[in-house]
2 protein chains.
Amino acid sequence: MKTVNMKRNHSIKRDRILELLQTTLEHPTADWIYERLKKEFPDLSLGTVYRNLRILLDEKKIITIRSAAGHDRFDADLSSHQHVVCEKCGKVVDILMNLDKSSLHRLEEKTGFSLASPRISISGLCRDCRLDKSES
Amino acid sequence: MKTVNMKRNHSIKRDRILELLQTTLEHPTADWIYERLKKEFPDLSLGTVYRNLRILLDEKKIITIRSAAGHDRFDADLSSHQHVVCEKCGKVVDILMNLDKSSLHRLEEKTGFSLASPRISISGLCRDCRLDKSES
DNA sequence: AATAAGAATAGTAATCATTATTAATTTTAT
DNA sequence: ATAAAATTAATAATGATTACTATTCTTATT
Ligand SMILES: [Mn+2]
Ligand SMILES: [Mn+2]
Ligand SMILES: [Zn+2]
Ligand SMILES: [Zn+2]
């Protein structure tokens, strides 16, 4: 059968990182992944998580979402969708906006940017952070 | 006349940083501002630029735009508009999308996020970076 | 103008997320 | 079995940003 899917990747840790990203809605940080997989691989190092995330990025198997709140977040869902990002805590939630194809194309012409697979993120404030009056 | 506009801020450097941001379409980085104002204030230090940018942010006189490419960028245009951001070099260009008010509200209800003054950025690839084959 | 109190600064050190290095280990190919 | 290639843990380095501090500049008060 499909040998392409049979391709054996000799890095079981990389496999698990990708798998973890594919089976969560969390849009995790590198630390989250590290803490999670340390139970599975007690000798895991944070550098390995970062290095493999970078490899997966280069292979275009995942994407990054930057937030005003420190840590980068990662997503293995490559389907066309957008993100709401909390500018205080960095939490990311998937959303779906129907993007007008033609107006996107107009944007490309106007700006000179290629928006082939545009990453759109809307930053706001999540409920937790809104209610958190610890420091407004 | 309007005394509110007469309020004298005793930090001439802070004033110039804000002024610079208000009179450029560049969405500059801290470094850009530093290099620019060093001609005017030869003793300027980069720390002062960062500190004043943070103060202006706290005062909500400017906003930050994060990019995949290292440096943060700043914008003193607080009118409702959006940004296209190059994921390679970080260049930022203003755009205007007419956001459906009601669908934004629906997003708020669905996600629990408050999107009162949402910052929307679309990441793509600018023309320069697209043509730059130095390292694809 | 002299003086004191507060604000801002330059210069420098510290922080923190991420990336690079390296020597050792593991996997694959021969 | 052996050699080449890939991966790793541990650690050091990087780079953007922030914090600290002693000094200088502003403003208010005499
Ligand atoms: Mn997602
Ligand atoms: Mn703008
Ligand atoms: Zn939040
Ligand atoms: Zn670019």
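All chains are named by letter (A, B, ...) in the order of the sequence lines, taking the proteins before the strands, and each is independently numbered beginning at 1.
Summarising the geometry, the separation between CD1 on A/Ile17 and C1' on D/dA9 is reported as 13 Å, rounded to the nearest angstrom. Following rounding to the nearest Å, A/Leu53 (CG) and C/dT19 (C1') show an atom-to-atom distance of 12 Å. For B/Leu57 and D/dA16, the CG to P distance is 18 Å, given to the nearest whole Å. Summarising the geometry, the separation between CD1 on B/Ile12 and C1' on D/dT26 is reported as 12 Å, rounded to the nearest angstrom. If you take CG of B/Leu18 and P of C/dA8, they are 14 Å apart, rounded to a whole angstrom. Atom CZ of B/Arg14 and atom C1' of C/dT9 are 11 Å apart (whole Å).
Between D/dC25 and B/His10, no contact under 4.0 Å exists linking OP1 or OP2 to a side-chain N or O. Considering only side-chain N and O atoms, A/Lys13 lies under 4.0 angstrom from the phosphate OP1 or OP2 of D/dA9. Residue B/Thr48 places none of its side-chain N or O atoms closer than 4.0 Å to OP1 or OP2 of C/dA8.
Listed by residue number, A/His71, A/Asp72 are the residues of residues 62-76 of chain A with a heavy-atom contact under 4.0 Å to DNA chain C. Residues of residues 27-45 of chain B having a heavy atom closer than 4.0 Å to DNA chain D: none are found.
Heavy-atom contacts from other residues, nucleotides or ligands closer than 6.0 Å to CG of A/Asp58 number more than 12.
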Please list, one pair per line, the donor and acceptor atoms closer than 3.5 Å that link side chains of residues 35-42 of chain A to other protein atoms, with sequence neighbours excluded.
unit_1	atom_1	unit_2	atom_2	d
A/Glu40	OE1	A/Arg16	NH2	2.9
A/Glu40	OE2	A/Arg16	NE	2.4
A/Glu40	OE2	A/Arg16	NH2	3.4

Protein-nucleotides 18-22 of chain D N/O pairs closer than 3.5 Å?
unit_1	atom_1	unit_2	atom_2	d
D/dT18	OP1	B/Arg54	NE	3.0
D/dT18	OP1	B/Arg54	NH2	2.8

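One hydrophobic cluster, built from ILVMFWY side chains closer than 4.5 Å, cannot hold both B/Val85 and B/Leu78; they sit in different ones.
Under a 4.0 Å N-O distance rule, the pair A/Lys88/A/Asp128 does not qualify as a salt bridge.
Legend: salt bridge (Lys or Arg N to Asp or Glu O under 4.0 Å) pairs involving residues 94-109 of chain A, not counting sequence neighbours: none detected. Within the structure, salt bridge (Lys or Arg N to Asp or Glu O under 4.0 Å) pairs that include any residue of residues 110-119 of chain B comprise A/Glu87-B/Arg119 (at least two apart or interchain).
A donor-acceptor contact shorter than 3.5 Å is absent between the side chain of A/Thr24 and the backbone of A/Leu20. The backbone N or O of A/Leu107 lies less than 3.5 Å from a partner atom in the side chain of A/Thr111, making a donor-acceptor pair. Side-chain N or O atoms of A/Arg66 include one that pairs as donor or acceptor with a backbone N or O of B/Ser67 at under 3.5 Å.
Taking the six-membered ring for Trp and thresholds of 30 and 60 degrees, B/His81 and B/His27 have ring planes inclined between 30 and 60 degrees apart.
Here the nucleotide nearest the side chain of B/Asn52, chosen from C/dT9, D/dT27, D/dT8, is C/dT9.
Between B/Ile33 and B/Leu53 there is a side-chain heavy-atom pair separated by less than 4.5 Å.
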